[in-house]
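The sequence lines fix the lettering, A, B, ..., with proteins before strands; numbering per chain opens at 1.
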Number of protein chains: 2
Amino acid sequence: MRALLLAGPLSRAELARRLERSPASITKTTQPLLAAGLVAEDAGRIAEEPAVPGESRGRPGVPLVLLAGRHLFIGVKVTSNEVFAVRTDAAGVVQASGHRDLADVEQETVVAQILELVNELREPGEIQALGVGLAGRMSRFDDTVRHNPFLGWDEVPLAGILERATGIPTVLSEDARALTAGVQWSGPGRGMSDLAVLTVGVGVGLGIVIEDRVLAGPSGRVGRIGHMRVADSGPVCERGHRGCASAFLTTAAITQGIGVPRGRADLDLDAALALADDGDAVALRVFADAGRALGVLIAQLANTLGLPAVILAGDGLGMLAHARPSLDAALADHLDPHATRPTVVTFSSGFDEWARGAAVVACQWMLVDPPPYRTDLA
Amino acid sequence: MRALLLAGPLSRAELARRLERSPASITKTTQPLLAAGLVAEDAGRIAEEPAVPGESRGRPGVPLVLLAGRHLFIGVKVTSNEVFAVRTDAAGVVQASGHRDLADVEQETVVAQILELVNELREPGEIQALGVGLAGRMSRFDDTVRHNPFLGWDEVPLAGILERATGIPTVLSEDARALTAGVQWSGPGRGMSDLAVLTVGVGVGLGIVIEDRVLAGPSGRVGRIGHMRVADSGPVCERGHRGCASAFLTTAAITQGIGVPRGRADLDLDAALALADDGDAVALRVFADAGRALGVLIAQLANTLGLPAVILAGDGLGMLAHARPSLDAALADHLDPHATRPTVVTFSSGFDEWARGAAVVACQWMLVDPPPYRTDLA
DNA sequence: GCATTTCATTGACACGGTGAAGGAACAGGC
DNA sequence: GCCTGTTCCTTCACCGTGTCAATGAAATGC
């Protein structure tokens, strides 16, 4: 119920229509929330503006707003060499953030750094839940790291470890899915019920939202699209596939694709972009190829799932400055004749956004699936 | 509730575990169903066999079975030149079937033929619902044919027309999705909660089931995979894409791919298969390419959605006799290193199976979303 | 026979939903 | 200003569906 309040300040009548419930039901369910201070009537009447002017007959509704500040969440994103953490409110607004470098990927090291960050961020009030985003196989709302190639972990019961150390209910989530949840809950995809989030960076990641649900798949394996074939020819990825997505889109593929012919093996992404800015032919070609690969991927997603919107994110997104034309061309070319063209939104986001996604997952976890042990504490 | 009874005869306790409800709840909800004769206690104790022998302690459960015969459904599949219809019970078992040729695709002609078939099949008892499967864009449980390229229809309120003429509640469904529903409900995918159905024939179709739900997409556009790129090179499809799925897999692509070099423009699929049986090099190559295309498609699906099972269906399935080795090789090659290999099941089905799927959709529609006007009649 | 185990039923009860009825707040016409 | 129409919100009685706790029933194994 509270979940849909996040679609903005809404009057009770509007809520009833959106949730397909009777007005009586809304009144009843919101009363305890009002008393508990979780929602409030908005005296400002913000939401009345977009109403059609001619329809101003009748008693105006009293908008309800979620007092998001009442509930705090912490989200953590773990990469192979860094840990990022943010504290957010229930609306997913970041209040504070922090980060630590990782000396190694030992369990003790990582857990210690996470705990430091959590203790740093938790001080202003009670934290409702802690969400941790990591790469690798995990179900939605998991408690164990099944397999993480970057950390070299297998079957680590991280949620339990953190819960015991912090006293905060903790949930794990696959990172691309956490980012997707963040995007859909309170990011550029807010209010959309169907979208995909395509991330480009060290790898190629994918999160899918269908009918307001973030897909997890039977064993948390949704979104392995790194080896989708996107072109007739082109570079070969590390598994020997010619023309697969990883071979065009990962940061390593791009820096090597430009650096090797230009004799600069240590080229980084910024330098590659600078080369392209200066009109370097190799760089422009590599970026154009990357754009084409992205366009094909987006078209394939739109064809397969009929998605109306695709959101691009990740630290490799800078390429779009040079890749956008070929992306658009490839998208138009590969789209099914009867499919509607999906809206492509770019979302430049740092690692904070991944951590924020983990916090959003924690928030959703509390809303849909309050952990039983919380009642023990109450 | 009844929906999960279709997962086989189950004891009440087993039902409670599967539905995550309390045993008390199961007893209460099944009592009126028992009284109404919709379910029955199965004296034969069929389902007790697969239990682990060592766990035979305690009072054995009384299996409940759905008396499927109490509810009848009719499913109709409309192609550009034929209409197929079947009568099934609630379990999706076909009791009778029929078919008509279509002289043309005028609305009156098609409706008249459907009505003839329905009246032929409806006589033994009350029909609960009528499901119609057609190609084209439609939402799940739609009532209007939005756009059907084969019939040349746009915005035809077919459900209303048939409802008025027959007095049976009617629902429309996109045909690949109907087939998928049939496969998952009572076909080879019975009991699986995640699977894809890939159809090969005049076109290439796809239906997806995730978490027990048949995906429809925001506007019924799931599953347009005809133009997915599956190879570096190869024939060109009618839209000019080199190496796309349609160019390898449709019946037309195969018959032309073999018929043109062999100078037999009128070659049909059976003749093409016969050529391959005789060791014709061109035919063997075309079928091997088709298998490779299928393997890549399956791998891409498995990677994108993490599906554990893919079911192949459609009238073009005969190719597998010669295409299976290349299919398996391509599947292994393109699967993500960390993905589990999906089970690939072949399901040889005629058009009756498509009609049966439409009947299953009608059954599901009644179970999850009983149409309000039925109460008017009662 | 008895303990053990699992299944199934019952009754008291809570929660979330509905429909009907009625009061409250606004706009507009007279 | 007052009535009317409209929409919003609340209250009340009620129902359906679920739970918990207690009890009985049917099997196995010692």
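Inter-residue side-chain proximity for Pro308(A) and Asp194(A) is flagged as met; some heavy-atom pair is nearer than 4.5 Å.
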Anything under 3.5 Å between a protein N or O and an N or O of nucleotides 10-13 of chain C, put it in a table, one pair a line.
from    : atom 1 : to       : atom 2 : distance (Å)
dT10(C) : OP2    : Gln31(B) : NE2    : 2.9

Under 3.5 Å, N/O pairs linking protein and nucleotides 22-24 of chain D:
from    : atom 1 : to       : atom 2 : distance (Å)
dG24(D) : N2     : Arg59(B) : NH1    : 2.9

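Atom P of nucleotide dG16(C) and atom CG of Leu19(A) are separated by 14 Å, given to the nearest angstrom. Look at CD1 on Ile26(A): it is 8 Å from P on dG17(C), rounded to the nearest Å. Across the protein-nucleic acid pair, Arg21(A) atom CZ and dC9(D) atom P stand 18 Å apart, rounded to whole Å. Atom CG in Leu64(A) sits roughly 13 Å away from atom P in dC8(D) (whole-Å rounding). Spacing between atom CZ of Arg12(B) and atom P of dA26(D) amounts to 13 Å, rounded to whole angstrom units.
Among dG19(C), dT19(D), dA8(C), the nucleotide with an atom closest to any side-chain atom of Ser25(B) is dT19(D).
For Asp142(B), the side chain to side chain donor-acceptor pair (under 3.5 Å) criterion is met by Ser139(B), Arg146(B), not counting sequence neighbours. Residues forming a side chain to side chain donor-acceptor pair (under 3.5 Å) with Gln31(B) (at least two apart in sequence, or on another chain): none. Looking at residues two or more places apart in sequence or on another chain, you find a side-chain contact (heavy atoms from CB on, under 4.5 Å) between Ala176(A) and Glu174(A). Every residue two or more places apart in sequence or in another chain that forms a side-chain contact (heavy atoms from CB on, under 4.5 Å) with Arg17(B) is listed here: Ala13(B), Glu14(B). Partners of Arg122(B) according to the side chain to side chain donor-acceptor pair (under 3.5 Å) rule, which considers only residues two or more places apart in sequence or in another chain, do not exist here. Residues passing the side-chain contact (heavy atoms from CB on, under 4.5 Å) test with Ser173(B), sequence neighbours excluded: Arg177(B), Ala178(B), Val361(B). By the side-chain contact (heavy atoms from CB on, under 4.5 Å) test, Ala24(B) is found to be paired with Ser22(B), residues two or more places apart in sequence or in another chain being considered.
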